[in-house]
Asks: 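Dropping a structure here in structure tokens format, bear with me for questions.
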Amino acid sequence: MTTESRQRRFISARCGGKTYNPTFRMCCGGTIQVRSGIRPACCGTRAYDASFRICCGGTVQVRSGIRPACCGTRAYDASFRICCGGTVQVRSGIRPACCGTQAYDASFRICCGGTVQVRSGIRPACCGTQAYDASFRMCCGESRQRRFISARCGGTTYNPTFRMCCGGTIQVRSGIRPACCGTQAYDPNFRICCGGTVQDRSGIKPACCGTQAYNANFRICCGGIVKFRC
């Protein structure tokens with residue numbers, strides 16, 4: 001057997017113009033390093049064992065906790081902390097979130113323009129740095145205004161939640177069942193519309209005779225005149 005055949009065979013590789021044995025060494029950023037540990041890996045030009053350490057922003061840090069993670073060049077445990085804007089903060093609440101470099105619980109608070117505000121109402125939203133309930137208010141520019149559904153009546157805009165349009169005239173909604181009688185608003189639970197005029201409901205069976213209201217249990221309308229029943 002020749003001297004050449006007796007030499008140990010190995011798989012060769014190149015790193016930065018140099019030959020090395022990848023069984024025992026590794027190439028990290030053009031630099032040959034010794035392979036170390038169970039899970040050898042590279043962090044820039046450095047070699048490290050990924051079983052016990054972590055590469056954060058080009059620096060090797062000790063793996064921390066159950067869920068090791070990086071925040072810039074710092075290592076932290078993501079089970080108990082959160083990375084906010086490059087700073088490590090304590091995780092808080094049910095739905096931890098970030099607002100700039102500040103940590104907060106998104107279940108009860110909201111991030112508005114980089115500031116943490118209390119969540120307000122059914123549909124929390126932001127208006128600049130202020131929080132508001134979008135169910136009842138709206139954001140105009142950066143100011144909060146009361147929200148209402150608009151309608152038109154005789155060329156004028158009104159809020160149908162509190163007012164109503166009667167014959168082209170805006171009237172205040174009144175009572176449980178507001179209705180119109182010509183240009184007047186009234187509550188049919190207590191009044192009746194007779195010939196375009198509002199009258200008080202009379203008796204159990206209120207009815208109209210022209211513009212006059214009467215109780216149909218005891219009276220009758222004959223030719224526009226209310227008479228007693230015979």
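Numbers for residues simply follow the sequence, beginning at 1.
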Asks: Considering all heavy atoms of both residues, which atom of Asn189 and which atom of Arg177 are nearest to each other, and what is their separation?
Replies: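 Answer, listing the atom of Asn189 first, then Arg177: OD1-NH1, 3.1 Å.
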Asks: Can you list every side-chain hydrogen bond (donor to acceptor under 3.5 Å, both in side chains) pair that touches residues 68-89, not counting sequence neighbours?
Replies: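 Qualifying pairs: Asp77-Ser79, Thr87-Gln89.
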Asks: Calculate, to the nearest 0.5 Å, the distance between atoms OG and CD1 belonging to Ser92 and Ile82 respectively.
Replies: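 Rounded to the nearest 0.5 Å, the OG-CD1 separation comes to 8.0 Å.
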Asks: For the residue pair Gly37 and Pro40, what are the closest heavy atoms and their distance?
Replies: O-CD, 3.9 Å
Asks: Can you name the closest pair of heavy atoms from Arg35 and Thr23 and give their distance?
Replies: CD-O, 3.5 Å
Asks: Can you tell me how far CZ of Arg25 sits from CD of Gln33, rounded to the nearest 0.5 angstrom?
Replies: 9.0 Å
Asks: For a 4.5 angstrom cut-off between non-hydrogen side-chain atoms, does Met26 reach Ile32?
Replies: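 Heavy-atom side-chain distance check fails, nothing below 4.5 Å.
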Asks: Run the salt bridge (charged side-chain N to carboxylate O under 4.0 Å, His left out) test against Arg191 and tell me which residues pass, sequence neighbours left out.
Replies: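 Arg191: salt bridge (charged side-chain N to carboxylate O under 4.0 Å, His left out) contacts with Asp200.
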Asks: About how many Å separate CZ of Phe190 and CD1 of Ile176, when rounded to the nearest 0.5 Å?
Replies: 6.0 Å
Asks: Can you measure from OH (Tyr20) to SG (Cys27) and round to the nearest 0.5 angstrom?
Replies: 5.0 Å
Asks: Quick one: closest heavy-atom pair of Tyr132 and Cys139, and the distance?
Replies: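 Distance-wise, the nearest heavy atoms are OH-CB, 3.6 Å.
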Asks: Please confirm whether the backbone N or O of Thr197 pairs with a side-chain atom of Gln184, one donor and one acceptor, at under 3.5 Å?
Replies: no
Asks: Considering all heavy atoms of both residues, which atom of Phe228 and which atom of Ile220 are nearest to each other, and what is their separation?
Replies: O-CG2, 4.3 Å
Asks: SG to SG, are Cys28 and Cys43 under 2.5 angstrom apart?
Replies: no
Asks: What do the steps show when you test Cys193 against Cys181 for disulfide bond (SG atoms under 2.5 Å apart), and what is the final call?
Replies: CA-CA 6 Å; Cys193 180; Cys181 182; 2.0 Å; yes
Asks: With respect to the side-chain SG atoms, do Cys112 and Cys126 come within less than 2.5 Å?
Replies: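 Cys112 pairs with Cys126 as a disulfide (SG atoms under 2.5 Å apart), so yes.
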Asks: Between Gly168 and Cys153, what is the shortest heavy-atom contact and its length?
Replies: C-SG, 3.5 Å
